[in-house]
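As the structure is a computational prediction, the values presented were derived from the model and not from experiment.
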Amino acid sequence: MFLTISTTGTQERPATDLGFLLHKHPEKAQTFSTAHGTAHVLYPEATAERCTAALLLEVDAVALVRRGKGKSRGGAPDAALAQYVNDRPYAASSLLAVALSTVFKSALRGDCRALPERAASPLPLRIEVPAVPARGGAELVRRLFGPLGWTSVDARPVALDVTFPQWGESRYVQLVLEGEMRLADALRQLYVLLPVLDDAKHYWVAPDEVDKLLRAGEGWLAEHPEQKLITSRYLSRRWGLTRRAMERLELVRLAEADDIDVEVLDNAVLETPDEEWEAGEVRGDGADGTVQPDTAPVSEAVPDAVPETASEAVPAPDSAATPKEPSLADQRREAILTALREAGASTVLDLGCGQGQLVQALLKDVRFTHVMGVDVSVRALTIAARRLKLERLGERQAARVTLTQGSLTYTDKRLKGYDAAVLAEVVEHLDLPRLPALEYAVFGSARPSTVVVTTPNVEYNVRWETLPAGHVRHSDHRFEWTRAEFRDWAGQVAGRHGYTVAYVPVGADDPEVGPPTQMAVFTLRTSTDTPATEKGPTA
């Protein structure tokens, strides 16, 4: 099996620079040993105007069987023969992809000390692969390479036998790619897509293949329209690995859209020992997903930040005989559940679901027939799935819940059609300029009949003895609203999108500073409703 890489140039920028980029000198042939045969690199032509590098892989069929999966003895003679008599020595596959990564390792990374500017710039490239197994035919080849910026993607089916055209076409295509492309990008695409087209790998797919896929797919896979098919085939349809890769790709896409680092975007959850989860001793609350023990004293809060699940706990009463009051987090969840029940909601979105506390509470009530938890953090969703024991749920119960990754500042067709949506302690984690995007995504696009929003009341902060004056309750809060500010925002949102809004206090309603948490319940107006934007109880 082999492929060729060609480029053109001028006397000032000679095409033979390809030798520098590939780290292989055009004037000599080189040989490299691989696990399954011998790879050769040679240059059929090398002038200033045009240069072609060829990679030829001689497959050792015996080594392939010994190192591959086909180690079993016995069986039918034809099966044994198929281990040695197959298309592997002739058709581009994962064998050639591995040879690419071995022989052109530096070029795949885009490294070239001699000509760094050439390595970073697009080149006029022509890549030819005479025989590519394509399970999906020429059309699939075009679907995979077409969105990647190539000017021409020519995938010509290879006849089974040119002598007998009536036999039809084989599953192989002759592939020719032409266009302006960085050499490193072209090689990475081939590294991923050759085994994807073959829909097979000659080696066992281990978890580290996810990292290989993400490295090779950097810059193009996260936005590829066939991302799911590519990921699934590359990982040999191992569902667990495919799901992990898809989650990480979605995180990359969202990070790029917001122009921030992936690590910053996926920082919602602190690491928590598994035994604590099994004992049920740890929980978080709100979009930040901060993990704190239910009984954590306020004095143990992180300096300059009071995590809500710790600082909002009601102080223990003096008498042990007095029933313990529920924490503010519990009161908030109960207020949300009450509002949803009164609205008659059956299907609910928990937007910014964090570690799944509210999702868990919703699933305990059979009147909620389906709950979707949405969060941008993969780690938060992983903990939520563990909390809900998704892998052990029965079929009927599992059908009631969906956990999915997504950003609340982008419209998402998956969020449409639900009766209600909840934004519990979410809005304060967004920068104020991004609130209009969240507003439109929820109220303008998803448009559920009921929306419940809770957020801290900054006026109440003076009641926390350990919270320094002028500080917000958590270091990740971008702002905290007064009651007037919250009502002003909620009233404008309701007016713009055709909702009415009611305000409900959560927690002890202090006569001077109000409740610790403020809640707004938005209800979509019908044609018979009055245009008023405020109704119901007030704080």
Tell me if a side-chain donor or acceptor on [X] pairs with a main-chain N or O of [Y] at a distance below 3.5 Å.
{"X": "Asp412", "Y": "Arg414", "value": "yes"}
{"X": "Arg237", "Y": "Arg233", "value": "no"}
{"X": "Gln227", "Y": "Ala222", "value": "yes"}
{"X": "Ser94", "Y": "Ala97", "value": "no"}
{"X": "Arg126", "Y": "Ile5", "value": "no"}
{"X": "Ser101", "Y": "Val98", "value": "yes"}
{"X": "Ser232", "Y": "Lys228", "value": "no"}
{"X": "Lys24", "Y": "Val103", "value": "yes"}

Classify the side-chain pair [X]/[Y] by whether it contains a donor and acceptor separated by less than 3.5 Å.
{"X": "Glu128", "Y": "Gln174", "answer": "no"}
{"X": "Thr38", "Y": "Glu58", "answer": "no"}
{"X": "Thr52", "Y": "Ser6", "answer": "yes"}
{"X": "His40", "Y": "Gln30", "answer": "no"}
{"X": "His370", "Y": "Ser346", "answer": "no"}
{"X": "Thr404", "Y": "Thr402", "answer": "no"}
{"X": "Gln189", "Y": "Trp150", "answer": "yes"}
{"X": "Ser377", "Y": "Asp375", "answer": "no"}
{"X": "Thr409", "Y": "Arg434", "answer": "yes"}

Please give me the minimum heavy-atom distance between [X] and [Y], naming the atom from each residue.
{"X": "Arg188", "Y": "Glu218", "result": "NH1-O, 4.4 Å"}
{"X": "Ala119", "Y": "Gly110", "result": "CB-O, 3.6 Å"}
{"X": "Glu209", "Y": "Tyr234", "result": "OE1-OH, 3.4 Å"}
{"X": "Val442", "Y": "Pro448", "result": "O-CD, 3.5 Å"}
{"X": "Tyr191", "Y": "Leu100", "result": "N-CD1, 4.4 Å"}
{"X": "Ser236", "Y": "Val205", "result": "OG-CG2, 3.1 Å"}

Practice problem: Test Val41 against Leu22 for side chain to side chain contact (heavy atoms under 4.5 Å, CB included), laying out the working first. | Solution: CA-CA 10 Å; Val41 178; Leu22 293 174; 5.8 Å; no
Quiz item: Where does the angle between the aromatic ring planes of Trp220 and His224 fall among parallel (under 30°), tilted (30 to 60°) and perpendicular (over 60°)?
Solution: perpendicular
Validation row: [X], [Y] side chains within 4.5 angstrom (heavy atoms):
{"X": "Val348", "Y": "Asp419", "result": "no"}
{"X": "Val196", "Y": "Thr231", "result": "no"}
{"X": "Val378", "Y": "Gln405", "result": "yes"}
{"X": "Tyr440", "Y": "Thr411", "result": "yes"}
{"X": "Thr7", "Y": "Arg50", "result": "no"}
{"X": "Arg142", "Y": "Glu139", "result": "yes"}
{"X": "Glu391", "Y": "Arg386", "result": "no"}
{"X": "Cys353", "Y": "Val374", "result": "no"}

Exercise. In plain terms, say whether Asp198 and Arg171 are close enough for a salt bridge, that is, a side-chain N and a carboxylate O under 4.0 Å apart.
Key: yes
Self-check item: Electrostatic pair Asp111-Lys105, nearest N-O below 4.0 angstrom
Solution: no
Quiz item: Can you check side chain to side chain contact (heavy atoms under 4.5 Å, CB included) on Leu229 and Leu144, steps first, answer last?
Solution: CA-CA 9 Å; Leu229 180 144; Leu144 294 182; 4.2 Å; yes
Exercise. List the steps, then state whether side chain to side chain contact (heavy atoms under 4.5 Å, CB included) holds for His25 with Lys28.
Key: CA-CA 6 Å; His25 201 288; Lys28 60 181 180 179; 4.0 Å; yes
